[in-house]
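Structure record follows, encoded as structure tokens.
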Amino acid sequence: MEVVFYIAAIVAITSTILAITRLNAVHALLYLIVSLLSVAIVFFVMGAPFIAALEVIVYAGAIMVLFVFVVMMLNLGKKATDRERQWQRGSMWVGPSVLAAILIAEIAWLVSGPGNAVYGSTAIEPKQVGIVLFGPYLIGVELASMLLLGALVGAYHLGRRAPEKTEK
């Protein structure tokens, strides 16, 4: 089980570094998705399958919304369309595909593996997560929600088109 943890951690670190260093937003998003999936595997191996599922559901949804915002902001005409075609080359998918294949192999091994696949001593139940989130970490959850709301308003502001000037 430690091998799965360390491989997922290495994939997470590698994909996060690649997400930060990519100049192309779409490339960075692909590596970020791989990073989030590998962190979900780390959570699963550490005995928190509920958090792993939340990681995939929430962040996959959030990443898709972010992807839509990026496409909305970058879709500015023929020049942007040509740029998007350049981004869709097959070589762009090699890095994330290799990292995702490693994660898929780990998931397949975890699902088909014998016995208990959890590395930690006890599994964390969803009720315990809810008690902690709405208990001692309530301020942190509210601050995170305000930060996400600010990011949403900022993305809207950056993505909107400037009004056309009318001649009087």
E106 and I41: which non-hydrogen atoms are nearest, and at how many Å? OE1-CG2, 3.8 Å
Residue pairs meeting side-chain hydrogen bond (donor to acceptor under 3.5 Å, both in side chains), one or both in residues 31-46, sequence neighbours left out, come to T16-S35
According to side chain to side chain contact (heavy atoms under 4.5 Å, CB included), who are the partners of T21, at least two apart in sequence or on a separate chain? I17, L18
Check whether V56 and I104 end up in the same hydrophobic cluster, where Ile, Leu, Val, Met, Phe, Trp and Tyr are linked by side-chain heavy atoms less than 4.5 Å apart. no
Can you tell me how far CG of L37 sits from CD1 of I102, rounded to the nearest 0.5 angstrom? 13.0 Å
Linking I/L/V/M/F/W/Y whenever their side-chain heavy atoms sit closer than 4.5 Å, directly or via other members, would I131 and L54 fall into one cluster? no
Value rounded to 0.5 Å, distance of OH in Y59 from CD1 in I33: 14.0 Å
Side-chain donor-acceptor pairs of residues 134-153 under 3.5 Å, sequence neighbours excluded:
residue : atom : partner : partner atom : Å
S145    : OG   : E142    : O            : 2.7

Atom pairs and distances, donor-acceptor, side-chain atoms in residues 7-14, under 3.5 Å, two or more places apart:
residue : atom : partner : partner atom : Å
T14     : OG1  : I10     : O            : 2.8

Shortest non-hydrogen pair, V34 vs L103, comes out as O-CD1, 3.6 Å
Name all residues meeting the side chain to side chain contact (heavy atoms under 4.5 Å, CB included) criterion together with F43; count only those two or more places apart in sequence or in a different chain, and write none if there are none. V39, I51, A52, E55
